[in-house]
Amino acid sequence: MSGKEKGLSLVSKVRRMERPYIIINCAASADGKIALPDKRQLRISSEEDFIRVQNLREKCDAVLVGIGTILTDDPKLNVKYDSKRQPAKVVLDRYFKTPPNAKIFEGGSKVYIMVGPDVEREIRKDNLELIRCKLDENGLIDLEFALKELKMRGINSLLVEGGGTVIWNFLKKRLFDEFYVYIAPIVIGGISTPTIADGEGVRREEEIIMLKIDKIEKVGEGILIKYLPGL
Ligand SMILES: NC(=O)c1ccc[n+]([C@@H]2O[C@H](COP(=O)([O-])OP(=O)(O)OC[C@H]3O[C@@H](n4cnc5c(N)ncnc54)[C@H](OP(=O)(O)O)[C@@H]3O)[C@@H](O)[C@H]2O)c1
């Protein structure tokens, strides 16, 4: 199959899927940590990796994070260079704790906040849509339900940027098509420092999430690993 044909078959596969095409991306230290021990953000990416992430954001219809990341990092989640295409933003926020002055509301892109079914709080923002979602078996936003809602709103590709609890749940439910981990040559340490995948972890060896390495490359001072879902 030629490159063009492969590209076209991926496009038609994505159109047929009930959920967006999902790319998970995160930057970690050599010991798998993604923030400081007190959860504060730190710059882990190299300049080259930063540009790669901006390109990913520009390519995707939306960027998703959890409320933990909104409350600790207050990210804008936009493409930082002058771009004609800015992604929509999505937050998983069961109790609707996103502050009205959060930076994700800046820039005018659509912001979808996925909240639980009983949320009553409202905030007025022209670019905000609250989507009431079913909860899953752990009382979190049901990802399959949320992803279907996003797909119905024209989100065909989604970049999941964290934090550790969100990445864990996408991996656990095998809701991803590509998984990028940038590993910087630094060590952060700390027993409760956020890691690439937090959440409750697997209970048994048989539940381990299998990945397949698709590509490894040196990016700046670090390495970038592209994983695909394993068996
Ligand atoms: N290095 C990187 O690439 C990177 C990127 C992003 C973030 N971070 C770091 O990650 C840390 C934040 O991670 P975090 O684990 O505390 O928070 P998080 O993953 O950003 O958000 C988790 C929260 O989202 C809500 N949620 C609702 N439905 C969910 C679902 N189905 N699955 C998962 N979460 C769901 C839950 O809160 P409710 O129950 O209140 O809804 C949950 O506690 C920060 O330290 C930040 O700096 C690092």
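Please read these numbers as outputs of a predicted model, since none were measured by experiment. The figures that follow rest on heavy atoms only: side chains count, while hydrogens, waters and symmetry mates do not.
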For Gln86 and Val79, indicate whether the former's side chain and the latter's backbone hold a donor-acceptor pair under 3.5 Å. yes
Using 4.0 Å as the upper bound for N to carboxylate O, is an ion pair formed by Lys103 and Glu106? no
Backbone of Ser109 reached by a side-chain donor or acceptor of Lys89 within 3.5 Å: no
Between CG on residue Asp74 and CG on residue Asn101, distance to nearest 0.5 Å: 7.0 Å
Salt-bridge present (Glu137, Lys173; N to O < 4.0 Å): yes
Judged by atom type as modelled, is there a donor-acceptor pair below 3.5 Å linking the side chain of Thr69 to the main-chain atoms of Gly163? yes
When clusters are formed by joining ILVMFWY residues with side-chain heavy atoms under 4.5 Å apart, either directly or through shared neighbours, do Val115 and Leu71 land in the same one? yes
If the test is side-chain contact (heavy atoms from CB on, under 4.5 Å), which one of Leu143, Ile67, Val65, Leu140 qualifies with Leu92? Leu143
Rounded to the nearest 0.5 Å, what separates atom CZ in Phe105 from atom NZ in Lys125? 6.0 Å
Six-ring centre of Phe145, Lys134 cation under 6.0 angstrom, axis tolerance 45°: no
Ion pair Glu149/Arg153, N-O distance below 4.0 Å: yes
Output yes when a side-chain donor or acceptor of Arg132 lies under 3.5 Å from a complementary backbone atom of Val119, and no otherwise. yes
Quick one: pull up CG in Leu135 and CD1 in Ile141 and give me the separation to the nearest 0.5 Å. 5.5 Å
Please determine which of Arg52, Glu178, Lys226, Glu161 meets the side-chain hydrogen bond (donor to acceptor under 3.5 Å, both in side chains) test together with Asn25. Arg52
How many angstroms lie between OG1 in Thr193 and NZ in Lys39, if you round to the nearest 0.5 Å? 10.5 Å
Using modelled atom types only, decide if a donor and an acceptor are shared between the side chain of Lys33 and the backbone of Gly190 within a distance under 3.5 Å. yes
Separation between CZ of Arg57 and NZ of Lys76, rounded to the nearest 0.5 Å: 11.0 Å
N/O donor-acceptor pair under 3.5 Å between Arg203 side chain and Gly201 backbone: no
Are the charged groups of Asp61 and Arg85 less than 4.0 angstrom apart, N to O? yes
Okay, side chain of Gln54, backbone of Lys80: is any donor-acceptor separation there less than 3.5 Å? yes
To the nearest 0.5 angstrom, please state how far the CD1 atom of Ile22 sits from the CZ atom of Phe170. 5.5 Å
Donor-acceptor contact present, side-chain Asn127 to main-chain Val111, <3.5 Å: no
Identified side-chain contact (heavy atoms from CB on, under 4.5 Å) counterpart of Leu158 within the set Leu175, Leu147, Val63, Ile23: Leu147
Looking only at atom types and distance, does a side-chain atom of Tyr182 sit under 3.5 Å from a main-chain N or O of Gly222, one as donor and one as acceptor? yes
